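The structure under discussion appears below in the form of structure tokens.
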Amino acid sequence: MNRILEQALHQGGQTVNNPAQPDALTLNGVHKSFGSFTALNDINLNVKKGEFVCLLGPSGCGKTTLLRIIAGLESANAGQIVMLGRDVTHQPAAKRDYGIVFQSYALFPNLTVAENIAYGLKGRRQDKQTRVTELLALIGLSGIEAKYPGQLSGGQQQRVALARALATSPGLLLLDEPLSALDARVREHLRREIRALQQRLGITTIMVTHDQEEALTMADRIVVMNHGHIEQIGTPDDIYAMPQSRFVAEFVGRANWLPGVVQPHGTVRIGDTQLAVDKLPPLLDGRSITLFIRPEAVVLHAHWQGGENTVLAHLGGVESLGGFCRISLIVPAMNNLTLIADVSRSTLAALNLRPEQRVPVSLPPAALRVFTDEAQVKA
Ligand SMILES: Nc1ncnc2c1ncn2[C@@H]1O[C@H](COP(=O)(O)OP(=O)(O)OP(=O)(O)O)[C@@H](O)[C@H]1O
């Protein structure tokens with residue numbers, strides 16, 4: 001029997017799901033208020049074993065509060081928390097099987113690396129030493145047992161904090177913005193390391209972040225939060241390509257928003273331009289809607305060839321963003337609307353753009369999504 005499940009049954013935890021295949025974590029209707037302020041409202045989430053889930057959202061959206069509720073460091077006002085089939089809603093933190101890493105390194109400064117890692121371990125001294133050696137090898141820092149946290153870099157301290165969180169082989173790893181105090185280069189490196197380690201160990205992980213790039217590159221699934229509720233749960237691809245709300249579309253990646261009116265024959269009119277849209281939802285005739293398209297889906301042409309959804313634009317500006325370029329374009333036939341297009345450096349070179357030039361621009365019908373008010377409308 002699974003060690004954690006066995007432990008759960010010994011502890012007398014209530015088995016809620018099918019014990020043969022329980023999810024690593026289930027949240028049912030979690031609610032949290034601080035006085036009259038609602039920090040979390042009706043949070044429902046299932047996390048499968050071995051999954052890496054990111055809680056992503058702007059400052060104050062409730063992601064840390066949710067992580068703390070999962071950890072038992074904060075209590076919910078309503079709802080249920082189930083870990084591996086065991087209802088832990090009313091269990092204290094010490095009875096929940098997880099390791100946690102916080103943003104600030106939270107290592108004991110007066111203890112050595114070995115003592116920090118072994119802090120939560122029980123058993124014989126020799127066994128602890130073996131485990132510490134094992135964990136230091138796992139995080140690529142063998143041989144630093146005797147050092148103190150103050151003698152380590154920020155990235156090294158976070159890796160030690162990670163080793164400490166993994167020391168008891170917990171069923172769940174909770175990470176609260178573990179990389180945000182580090183500089184960009186170390187952050188990127190550690191991102192890859194943490195993800196590789198998580199996959200190697202197959203440990204279910206929930207990470208809080210406000211950094212969309214971190215979530216998109218690390219997570220199996222992303223939970224996008226806003227004002228205490230979940231806006232969308234999906235894979236990074238889903239979240240990026242099929243945002244269900246305007247909030248998600250704007251928080252994750254860049255977007256062009258084009259206000260238009262749906263025409264009876266199934267196109268969308270913006271100024272003097274009629275745009276074809278794949279899967280235009282029915283029942284919208286005559287309604288004002290907003291079209292959404294990602295900047296990299298906008299296609300620029302070196303020469304006018306006409307074609308569907310192709311218009312001429314004035315070049316507004318070109319911004320170099322390292323690996324790619326962001327081009328702003330003003331479209332007279334679409335109420336002088338400004339479009340943003342992201343293109344590779346080689347595409348830009350091939351286009352050979354000149355300031356006075358009119359650039360043919362296509363908006364592929366398959367890349368256009370229809371939003372009314374705040375939500376995406378699907379056909
Ligand atoms: N102990 C508390 N007492 C009162 N309000 C709180 C408390 N803890 C959190 N809040 C409020 O609840 C909201 C959510 O806070 P939380 O820390 O979960 O947000 P967050 O999404 O993690 O943001 P950040 O990235 O800035 O940490 C915030 O408005 C915060 O001010």
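Residues: numbered from 1 along the sequence shown. Both ligands and their constituent atoms are indexed starting at 1 by order of listing. Note that this is a predicted model, so its numbers are computed, not measured.
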Looking at atom 15 (O) of ligand 1, is any protein heavy atom nearer than 4.0 Å to it?
yes
Ligand 1 atoms nearer than 4.0 angstrom to some heavy atom of Glu177 are 25 (O)
For the pair Thr26 and Asn46, evaluate side chain to side chain donor-acceptor pair (under 3.5 Å) and give the outcome as yes or no after the intermediate values.
CA-CA 5 Å; Thr26 303; Asn46 281 307; 3.0 Å; yes
Minimum heavy-atom separation for Phe247 to Pro58, with atom names?
CZ-CD, 3.6 Å
Under a 4.0 Å N-O cut-off, is there an ion pair linking Lys48 with Asp23?
no
At less than 4.0 angstrom from any non-hydrogen atom of Ala39, what atoms of ligand 1 do you find?
12 (O)
What's the verdict on side-chain contact (heavy atoms from CB on, under 4.5 Å) for Ile330 and Thr338, showing C-alpha distance, side-chain angles and the deciding distance?
CA-CA 4 Å; Ile330 299 140; Thr338 300; 3.9 Å; yes
Provide, to 0.1 Å, the distance between atom 30 (C) of ligand 1 and the closest protein heavy atom, together with that atom's residue and name.
Phe37 CE2, 4.7 Å
Tell me, which protein residue and heavy-atom name are nearest atom 6 (C) of ligand 1, and how many Å apart are they?
Phe34 CD1, 3.3 Å
Looking at atom 27 (O) of ligand 1, what's its closest protein heavy atom, distance included?
Thr64 OG1, 3.7 Å
Compute the minimum heavy-atom distance from Pro58 to ligand 1 and say whether it is under 4.0 Å.
yes
Compute whether any side-chain donor of one residue and acceptor of the other, for Thr217 and Arg192, lie under 3.5 angstrom apart.
no
Identify the protein heavy atom lying closest to atom 26 (O) of ligand 1, giving its residue, its atom name and the separation to 0.1 Å.
Ser59 OG, 2.6 Å
Starting from atom 18 (O) of ligand 1, locate the nearest protein heavy atom and write down its residue, its atom name and how far away it is, to 0.1 Å.
Thr65 OG1, 2.5 Å
Is atom 2 (C) of ligand 1 touching the protein, meaning some protein heavy atom lies under 4.0 Å away?
yes
Counting heavy atoms only, which of Lys63, Lys32, His210 comes nearest to atom 25 (O) of ligand 1?
Lys63
For the student: nearest non-hydrogen atoms of Ile43 and Met225, plus distance:
CD1-CE, 4.3 Å
Does Phe292 have Arg246 sitting over its ring (NZ/CZ under 6.0 Å from centre, angle to axis within 45°)?
no
For atom 23 (O) of ligand 1, what's the nearest protein heavy atom and its distance?
Gly60 N, 2.7 Å
Less than 4.0 angstrom from a charged side-chain N to a carboxylate O is my criterion; do Arg195 and Asp220 meet it?
yes
Is the Trp257 ring parallel, tilted or perpendicular to the Phe371 ring (thresholds 30°, 60°)?
perpendicular
Please state whether Gly57 comes within less than 4.0 angstrom of ligand 1, counting heavy atoms only.
no
